[in-house]
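Below, chains carry the letters A, B, ... as their sequence lines are ordered, and counting in each starts from 1.
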Amino acid sequence: MSKEITSRAQDYAQWYNDLVIKGGLADYSAVRGCMVIKPYGFALWENMQAGLDRMFKDTGHVNAYFPLFIPKSFLSKEAAHVEGFAKECAVVTHYRLKNDPNGGGVVVDPEAKLEEELIIRPTSETIIWNTYKDWIQSYRDLPLLINQWCNVVRWEMRTRLFLRTAEFLWQEGHTAHSTKEEAVAEAEKMLDVYATFVEEFMAVPVIRGIKTISERFAGAEDTYCIEALMQDGKALQAGTSHFLGQNFAKAFDVKFLNKENQLEHVWATSWGVSTRLVGALVMAHSDDQGLILPPKIAPLQVVIVPVYKGDEKKAEINAKAKEIMNQLKNLGVRVKFDDNDNNRPGWKFAEYEMKGVPVRLALGARDMEKNVIEVARRDTKEKKVVSLDGIAQYVEGLLLDIQHGLFNKAKAYRDAHITQASNWDEFEKLLDEKGGFISAHWDGTAETEATIKEKTKATVRCIPLNNPKEDGKCILTGKPSTQRVLFARAY
RNA sequence: CGGGAGGUAGUUCAGCCCGGUAGAAUACGUGGUUUGGGACCACGGGGUCGCAGGUUCGAAUCCUGUCCUCCCGACCA
């Protein structure tokens with residue numbers, strides 16, 4: 001009762017906020033644009049980190065850590081890069097405080113002005129390439145495949161929990177290669193890692209694609225992306241991978257001697273996903289009762305709720321519940337036995353639904369007599385009475401079913417929301433009435449893209465990889481086009 | 001950064017227009033009865049009313065400034 005959630009139909013944005021706050025994922029903080037990630041939300045992020053980190057290691061990457069502060073002069077070395085980030089950088093100008101002589105607490109000590117200001121990293125290309133310069137001499141030093149897990153700061157005008165905050169957590173991979181082909185292959189490989197992770201762990205289907213020039217990363221030659229679709233029909237960029245060409249190598253003078261003993265600039269990539277993934281997860285699966293989390297990354301996969309009638313069966317029920325908990329633990333299932341006596345079963349049912357725990361087991365005296373247990377799955381709300389014999393294996397299988405069920409449901413929704421538009425009226429109508437991705441011809445110019453954005457707020461989300469060629473006419477200008485691209489309104 | 005709304009008990013909010021002892025529900029603590037979809041009774045603890053100034057005999061209430069949040073826009077992962 002005290003934790004009612006606004007329905008999606010009533011106010012989608014408020015629904016999302018309610019889930020994040022009432023589901024215990026995060027809190028607002030005293031700092032503008034910054035949030036506190038609470039233990040339950042952080043556990044989600046940790047599970048994402050664990051899955052991704054394993055995949056990075058399996059593809060030959062190692063972790064390192066570079067400074068939070070970047071000398072201002074570094075940022076200006078790559079023209080497009082500065083352009084892209086200059087407007088949203090936090091700058092450190094002083095290094096000391098002192099007591100206010102007027103008694104107003106502490107003030108910045110004007111004596112302690114930094115000779116060169118430090119930028120709090122919005123991303124680390126510059127500091128990393130400045131470092132790589134010293135690490136790379138020969139083709140034998142390549143490829144250099146490094147990732148870092150860290151926080152970054154981008155001073156955003158308008159923030160939303162997880163989706164866009166001034167400070168956020170992410171990983172950024174930065175690699176150096178001896179050939180263009182190898183660097184492009186790396187960028188594509190990491191996009192594939194992201195897509196696999198998001199689909200298999202988060203159960204969120206994505207479209208792999210390439211960004212248009214106006215949407216690509218500042219300083220990149222090509223930006224690859226995975227785009228997901230949220231339940232309100234808006235697209236969300238879930239991860240990006242960039243082929244940086246030799247832009248940063250040239251800006252920071254990073255050269256290597258090739259086998260022919262000639263100096264060449266190295267080829268680069270960078271790629272990242274952030275805590276934004278938590279937002280994507282929430283919006284992809286959840287319903288009006290609360291969160292729905294896929295088993296593979298749910299902090300808690302199973303909860304066991306005991307149901308008593310008086311005290312006499314209590315010890316017996318608890319003993320059995322603990323036995324089931326241990327069986328599940330032995331199978332590697334993240335399980336909790338909630339024997340808290342302060343809340344009644346009904347309260348617990350609602351609470352764990354809000355928190356999105358995939359499977360709930362309820363065990364009472366009636367069940368004990370019949371050697372059964374009630375199994376409820378969060379995604380479909382289906383309840384079933386199942387024999388206690390082999391219950392752990394049953395639950396293990398059910399978790400897999402739920403994982404697949406969530407993905408299939410999200411994919412069916414996504415596929416049903418990729419619609420072709422053949423003329424402008426249809427295009428606008430689809431955006432307003434149906435949402436989702438609109439597959440349409442575009443003349444390939446930035447001007448047209450900008451005009452469409454101005455008129456409809458929709459942008460080209462991506463040109464899908466392996467996009468079929470097809471002659472057609474631009475939806476706006478009627479000029480010739482060789483392929484359809486995906487438009488959508490986006491987060 | 002523009003427009004709108006808001007900040008009072010852990011939470012949701014009333015009180016503010018019209019200045020005069022800070023309230024409700026819920027949550028929390030204790031005891032008891034309960035427990036198959038958000039239990040009930042009794043007693044109890046808890047708020048310098050976002051913060052800082054000002055007006056006043058007196059400010060949650062009026063004035064000024066400032067910080068933070070939400071929604072809509074411009075910008076963006």
Side-chain angles (χ1 to χ4, degrees), chain A residues 1-6 11-14 16-18 20-22 27-35 84-89 104-105 122-123 152-172 194 211 214-218 223 225-228 235-242 270-280 289-290 305-314 317 338-354 360-368 372-374 376 381 383 385 453-454 457 459 461 490-491:
Chain A
M1 299 297 189
S2 59
K3 288 191 173 179
E4 263 185 33
I5 296 171
T6 307
D11 184 344
Y12 190 85
Q14 192 55 46
Y16 173 78
N17 287 333
D18 285 354
V20 172
I21 299 294
K22 293 174 181 172
D27 254 347
Y28 295 109
S29 76
V31 187
R32 175 216 282 277
C34 296
M35 64 174 176
F85 288 104
K87 287 172 291 183
E88 49 187 29
C89 285
T123 177
V152 289
V153 169
R154 296 180 188 175
W155 214 261
E156 299 290 350
M157 290 298 173
R158 189 177 162 197
T159 56
R160 299 197 62 186
L161 296 168
F162 287 111
L163 297 174
R164 178 167 295 106
T165 45
E167 179 192 14
F168 57 92
L169 305 184
W170 76 345
Q171 58 69 219
E172 46 180 329
Y194 288 155
K211 285 290 190 190
S214 43
E215 291 279 322
R216 84 186 167 200
F217 176 74
T223 287
C225 63
I226 50 173
E227 293 284 330
L236 184 137
Q237 179 177 305
T240 51
S241 174
H242 316 290
S270 69
W271 27 274
V273 295
S274 71
T275 36
R276 183 179 233 206
L277 287 180
V278 176
Q289 275 67 52
V305 176
V307 182
Y308 313 123
K309 262 218 167 62
D311 260 359
E312 75 261 39
K313 289 277 172 62
K314 192 166 160 180
I317 291 169
D338 186 353
D339 61 349
N340 184 335
D341 232 6
N342 297 328
N343 297 316
R344 292 157 50 110
W347 189 91
K348 293 176 184 174
F349 294 171
E351 183 66 13
Y352 290 111
E353 271 163 22
M354 162 99 69
R360 180 187 74 227
L361 303 176
L363 183 67
R366 278 193 333 236
D367 303 308
M368 295 283 285
V372 294
I373 192 165
E374 184 189 85
K381 304 269 183 57
K383 283 195 272 194
V385 175
K453 186 178 179 185
E454 207 175 301
K457 287 175 202 153
T459 49
R461 298 320 299 157
Y491 277 96

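- No contact: A:L236 has no heavy atom under 4.0 Å from any strand.
- A:Y491 has its ring centre no less than 6.0 Å from the ring centre of A:Y16.
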Dump the intermediate steps for side-chain contact (heavy atoms from CB on, under 4.5 Å) on A:E374 and A:L361, then the final yes or no.
CA-CA 6 Å; A:E374 184 189 85; A:L361 303 176; over 6 Å; no

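- When heavy atoms are screened at a 4.0 angstrom cut-off, A:E156 is found touching base atoms of the nucleic acid.
- In this structure, CZ of A:R216 is placed 17 Å from C1' of B:A77, rounded to the nearest angstrom.
- Comparing the P positions of B:A25 and B:C43 gives a spacing of 13 Å, expressed to the nearest Å.
- A:M157 meets the side-chain contact (heavy atoms from CB on, under 4.5 Å) test with no other residue; sequence neighbours excluded.
- Of the N and O atoms on the side chains of A:D18 and A:T6, at least one donor lies less than 3.5 Å from an acceptor on the other residue.
- With sequence neighbours excluded, no residue forms a side-chain hydrogen bond (donor to acceptor under 3.5 Å, both in side chains) with A:Y12.
- When the side-chain contact (heavy atoms from CB on, under 4.5 Å) test is applied to A:W170, the partners found at least two apart in sequence or on another chain are A:T123, A:C150, A:V152, A:R154, A:F168, A:E172, A:S274.
- Base-pair partner of B:A25: B:U11 (Watson-Crick or G-U wobble, both distances under 3.5 Å).
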Interface polar pairs with nucleotides 4-9 of chain B, N/O, under 3.5 angstrom:
none

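- Residues A:R216 and A:S214 bring no donor and acceptor atom of their side chains to less than 3.5 Å of each other.
- Distance check on atom C1': B:A9 versus B:G46 gives 6 Å, rounded to whole Å.
- Rounded to a whole angstrom, the distance from the C1' atom of B:U64 to that of B:A22 is 25 Å.
- B:C1 sits 32 Å from B:C17 when the P atoms are compared, rounded to a whole Å.
- Contacts of A:A376 classified as side-chain contact (heavy atoms from CB on, under 4.5 Å), with partners at least two apart in sequence or in another chain: A:R360, A:K383.
- In this structure, a donor-acceptor pair under 3.5 Å is absent between the side chains of A:Y308 and A:D341.
- Figure legend. B:C70 is base-paired to B:G4; pairs are counted as Watson-Crick or G-U wobble with both atom distances under 3.5 Å.
- With a 3.5 Å ceiling on both atom-pair distances, the Watson-Crick or G-U wobble partner of B:G20 is B:C57.
- Across B:G53 and B:C41, the matching P atoms stand 45 Å from one another, rounded to whole Å.
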Base versus backbone protein contacts along nucleotides 65-72 of chain B [heavy-atom cut-off under 4.0 Å; B, S, -]:
---SSSSB

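- The residue among A:A365 and A:R154 whose nearest nucleotide of RNA chain B lies closer to the 5′ end is A:A365.
- One C1' atom belongs to B:G65, the other to B:A77, and the distance between them is 35 Å to the nearest Å.
- Nucleotide B:U30: paired with B:A42 (Watson-Crick or G-U wobble, both distances less than 3.5 Å).
- Across all strands shown, B:A52 forms a Watson-Crick or G-U wobble pair, both distances under 3.5 Å, with B:U64.
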